[in-house]
Amino acid sequence: MLRWLATLAIAALLLLTAMLPSTSIGRRGVEAELRADIPHAVGAVGERLPDFTLPDLEGTPVRLADFRGHPVLLTFERSVDW
Amino acid sequence: MVALRPYAWLCGTVGAVLVLIGLVLFVSFFAYHAPNSQPAIPTGPVGFYFVAFAGCALVGWGGSLLATARRPAAGRSIGSVTAFALVLMALYRLAAWVVGDYYAFAGEVLRVEAALFLLLALAFLWLRPAGVVAEVS
């Protein structure tokens with residue numbers, strides 16, 4: 001009896017594994033794949049970046065346009081190891 | 001009565017693979033600390049600490065399965081807990097697939113591994129020998 005219950009649970013998980021991409025919770029994985037292509041979507045090397053505002057390490061909003069006329073090095077890094 | 005040979009073969013194969021992976025993970029901790037090393041896994045010192053821990057646990061788990069392969073009739077319980085552990089491994093892989101960070105690193109490998117582990121869990125569940133009805137002392 002217990003073995004059949006375990007089998008049913010595993011079969012349900014197998015079904016979830018197969019169906020995951022088509023479920024609403026599975027869309028995040030697809031979005032992550034799309035995010036990987038964002039650098040190509042924003043523009044090519046030499047093109048002007050659109051203006052944007054992002055928080056710095058203290059949470060203060062920083063606008064790209066505030067640095068107009070100065071060299072700007074923009075990097076995105078994880079704040080912790082994983 | 002389920003034949004013991006397929007169960008012994010399953011325990012032996014999975015056990016050998018687990019021991020091998022465990023040793024690789026264990027060695028990777030020391031390789032990470034070698035000068036100018038390039039880590040194969042994108043993680044830091046704390047991550048490799050737990051990688052080595054997982055490697056040692058895999059060696060123990062795989063060793064138990066290898067011992068069961070030699071005496072499969074006495075190893076029903078290791079089949080049960082191995083099936084349970086494989087389901088746990090599939091569960092967190094499915095969760096990791098949903099999280100974008102892991103998906104960006106491993107992609108569909110996560111879902112393929114989850115399916116493989118679930119199928120292996122079914123195999124362990126159905127190939128393990130029958131429970132002991134009575135013992136004679």
Side-chain angles (χ1 to χ4, degrees), chain A residues 1-45 47 49-59 61-62 64 73-82, chain B residues 2 7 32 39 41-51 76-77 79-131:
Chain A
M1 180 64 182
L2 199 60
R3 181 154 65 173
W4 278 107
L5 284 175
T7 302
L8 277 176
I10 293 172
L13 281 173
L14 268 172
L15 189 64
L16 174 66
T17 305
M19 302 291 291
L20 200 53
S22 58
T23 63
S24 58
I25 59 170
R27 290 187 190 134
R28 283 194 63 189
V30 178
E31 285 173 8
E33 192 175 34
L34 291 175
R35 281 202 298 270
D37 292 324
I38 283 178
H40 306 289
V42 168
V45 174
E47 281 187 10
L49 274 177
D51 190 30
F52 58 83
T53 304
L54 289 173
D56 65 11
L57 288 175
E58 281 74 41
V62 177
L64 180 65
L73 175 63
L74 185 65
T75 65
F76 294 92
E77 298 174 26
R78 300 185 67 89
S79 57
V80 292
D81 282 336
W82 60 286
Chain B
V2 178
Y7 183 63
Y32 172 72
I41 309 169
T43 187
V46 176
F48 271 99
Y49 179 88
F50 286 104
V51 164
R76 172 184 162 85
S77 299
S80 307
V81 295
T82 294
F84 182 66
L86 287 168
V87 170
L88 291 182
M89 287 169 63
L91 273 176
Y92 90 79
R93 274 171 171 76
L94 290 180
W97 186 89
V98 176
V99 179
D101 285 336
Y102 301 107
Y103 184 85
F105 172 58
E108 292 300 331
V109 172
L110 296 167
R111 230 160 37 95
V112 172
E113 284 182 341
L116 176 68
F117 292 152
L118 290 171
L119 291 173
L120 279 174
L122 280 178
F124 273 102
L125 204 60
W126 285 96
L127 291 178
R128 65 187 178 160

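Naming: A, B, ... by sequence-line order, numbering from 1 per chain.
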Problem set entry | A:Ala18 versus chain B, the contacting section by heavy-atom distance below 4.5 Å | backbone
Problem set entry | Distance-minimising heavy-atom pair for A:Leu16 and B:Leu94 | CD2-CD1, 4.1 Å
Problem set entry | Among B:Glu113, B:Arg93, B:Arg111, side chain to side chain contact (heavy atoms under 4.5 Å, CB included) partner for A:Thr17 | B:Arg111
For this session: Determine whether more than 12 heavy atoms belonging to other residues, nucleotides or ligands lie under 6.0 Å from atom CG of A:Leu2.
Result: no
Problem set entry | B:Phe84 side, atom CZ; A:Ile10 side, atom CD1 - distance, nearest 0.5 Å | 10.5 Å
Problem set entry | chain A contact via B:Leu91 - which portion, at a heavy-atom distance below 4.5 Å | side chain
Problem set entry | Selection from B:Ser80, B:Ala83, B:Ala114, B:Ala115 maximising heavy-atom pairs under 4.5 Å formed with chain A | B:Ala115
Seminar exercise, completed: From the list B:Leu86, B:Leu118, B:Leu110, the residue making the most non-hydrogen contacts under 4.5 Å with chain A is B:Leu118
